[in-house]
Each structure stands twice: as structure tokens, then as C-alpha cells.
Asks: 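Quick one: this structure, given as C-alpha cells, is what I'll be asking you about.
Remember, it's a predicted structure, so these values are computed and weren't measured experimentally. Order of appearance sets the numbers: ligands from 1, and atoms from 1 within every ligand.
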Amino acid sequence: MSYTDYIFEGYHARVAELQKSDNPFATGIAWTGGDYVPLHQATVPLLDNGFLKSDLSYDVPAVWDGRFFRLEDHLDRFETGMSKLKLTSPISREELRSRLVEMVAMSGIRDAYVMMICTRGLRYLRAYAPEECQNLMYLMVMPYLWVSGEETQKTGASIAIVRDTVRVPTGSIDPTVKNLQWGDFTRGILEARERGAQYPVLTDGNGLLTEGSGFNIVLIKDGKLVSPKRGVLEGVTRKSVMVAAEKLGLDWEICDVPVSAAYEADEVMMVTTAGGVMPVTVLDGKPIGDGQVGPLSKAIWKEYWDAHYDPAVTIPINYR
Ligand code: PLP
């Protein structure tokens, strides 16, 4: 028995059920301003600055066992990100929420990765002021994606604190605005793999940890959780982890975290919507602690998944 079984058993049964479905949306559904279409038929206009210049903001909530998890947190962050980039959603928050819920219901997908993207739109940017463009919204729902899946979660992932790649400075790209300018992360992934690790964690180039390729990093030392404050997306999963820590009576702090703290940590976790709480057991080729998934990571993992059934932070989907 692994500590992960109680959540993966139900998940596998739901995936097996979904795979039997003949619903054309069962592998994914998209909305790009018109009718709902199967995800693989959806397209992006070539002239969209979201595509040409990554001029966009986006967000990714998830649905777990038929319930949206912390959707309002994701909508809040998405709205803040759009406003910082002077993007205006072509649809209201209410319409956005109801379309997302409707799309999940139409798809029959009970565990979903949901993406909403607001792009600058089709005008040639150098001829028009950015704030004058008609912005576009793209929505998609697909089966849940795992940054690290069941097998890796059982034993723990391996990370490298990469040396040749640093996180893009916050004065260039605001990391609190969720964005798809992944140049540093892609380079970091390549470097991590060269170093024999699965995932990179990037520094700010000045001795502080930032985050990994699509996840926040959380260290545990002497029963206290710490996670970097600057140079990072303010993750919704990290927020859930801190709520879990409080329930367990653990202290936590979002603060400047020196690179050296990672090497002194008792336990390390990567945390993101696509995968949840993912324990790390190897850092730069060496075991963290005894190289096993630690007791506090397991306890937080369980609190995290239990919260997916908490009516205070979930919205149930009425499937057809
Ligand atoms: N950091 C980055 C760069 C991300 O892209 C993500 C999620 O994709 C996260 C952190 C984790 O954020 P959340 O927990 O809200 O999914």
C-alpha cells in the first residue's frame, strides 16, 4: 500500500469509465468565441498576438471527482493578471464561470485540467496601442494532466537547482501574471535533464530560490514550511498547502529563501494544480533526508486531496 492509493484508486476507476464514453467531448472541449467544439478541432487565428508575441494571461483551475477546486481563487488571479496587462476579458466573470462549468458538464470529464486564456487579439501591435485592441478569450477542458504522476509521487521526484539558467527578472516579466513565456523554464528543463534530474528549480541569479517549471517549491525544515516570496507565481496550490499546514498545526512563511536552504531541508515539495502536492526526494543527485517521502509531505498531501471534497472551496458539477 502506498500513501497515494486512496486517491488514485478512485481516479483510475473514473478514467476507465471516461474512456468508454462515446461523447465527442470526452477527450476535451473548447470554446473560442463561437460554438463548443471537440478540443482537437479548435484553432487559434495566426494573427493573434497571444500566439505571435505571447501577449496574454491565462489560468488553470482543475476539476477533481466532479467538483471544481478553488475556482474563485483562479478567477481572482486571472482577473488581476489581465488587469496588470491592460487586457479586458470579452466576457464577464459570471459568463466565464458558467461556461467553464457547462463545458465540464458537457464533456463528462470528472477530473479535468481547465485552461482559460485571454490574448491581446488580432491587431498589428506596432500600429495600435495595446489597450485599444479587442482582446480574445479561449477556453478549454481536457482530462486532468499530471506534472508528476502516480509512480513518481509514490517514491518522490528528482529536481536540480539549475546553474546555467536563471528565472527571468521580475522587472522584465511579472511572474505574478500567469504567462506562457516559458523560455527560462524550457531551458531549465533541458539543463535539469542534462544533470540527470526530472525537474528544474530556478534561482534569481542572486542566491535566492524562485520556482520550478510550472510549480512552486515548498521546503520543510524543523516542522516549518517556507516558500519563495519573489520571482514566483502566487500559486493556488501553495495557498492550499499553507491551509493544510495550519490544520496540521505547522508554521509556514512565504519569504526570501536562500538556495542553501534547499540543501538543508528535511522535506521538499513541488506544488501545482496539475498534479497537486508532489514530494521531492532527490536534489542534485543526492537524497533529501533518508531519500523517502517524508511524514509531513504525506500528511499535507492527504489534507490537500481531502480539501477537494470541502464544499467551502469546491463547486459540484451537474453532469447530464
Ligand atoms: N509557478 C508557475 C510558473 C506555474 O506555471 C504554476 C502553475 O502552472 C505554478 C507556479 C503553480 O500555480 P497553481 O498552484 O496556482 O497551479
Asks: Got a sec, which residues hit salt bridge (charged side-chain N to carboxylate O under 4.0 Å, His left out) with E79, two or more places apart in sequence or on another chain?
Replies: R93

Asks: Which pairs, with at least one residue in residues 201-223 and sequence neighbours excluded, count as a side-chain hydrogen bond (donor to acceptor under 3.5 Å, both in side chains)?
Replies: R167-E211

Asks: I want to know whether F69 and W305 have ring centres closer than 6.0 Å.
Replies: no

Asks: Mind listing the N or O contacts between ligand 1 and protein, cut-off under 3.5 Å?
Replies:
unit_1   : atom_1 : unit_2 : atom_2 : d
ligand 1 : 1 (N)  : E211   : OE1    : 2.6
ligand 1 : 5 (O)  : K178   : NZ     : 3.3
ligand 1 : 8 (O)  : K178   : NZ     : 2.6
ligand 1 : 14 (O) : V236   : N      : 3.3
ligand 1 : 14 (O) : T237   : N      : 2.9
ligand 1 : 14 (O) : T237   : OG1    : 2.5
ligand 1 : 15 (O) : R77    : NH1    : 2.8
ligand 1 : 15 (O) : R77    : NH2    : 3.0
ligand 1 : 15 (O) : V236   : N      : 2.8
ligand 1 : 16 (O) : T273   : N      : 3.0
ligand 1 : 16 (O) : T273   : OG1    : 2.6

Asks: Report the C-alpha separation of R110 and Y11 in whole Å, then their side-chain angles, then the decisive distance to 0.1 Å, and conclude whether the side-chain hydrogen bond (donor to acceptor under 3.5 Å, both in side chains) test is met.
Replies: CA-CA 9 Å; R110 303 197 74 88; Y11 169 70; over 6 Å; no

Asks: Considering residues at least two apart in sequence or located in another chain, which fulfil the side chain to side chain contact (heavy atoms under 4.5 Å, CB included) criterion with T176?
Replies: K84, D174, E234

Asks: Taking only Lys NZ, Arg NE, NH1 and NH2, and the carboxylate oxygens of Asp or Glu, determine whether D251 and K224 approach each other closer than 4.0 Å.
Replies: no

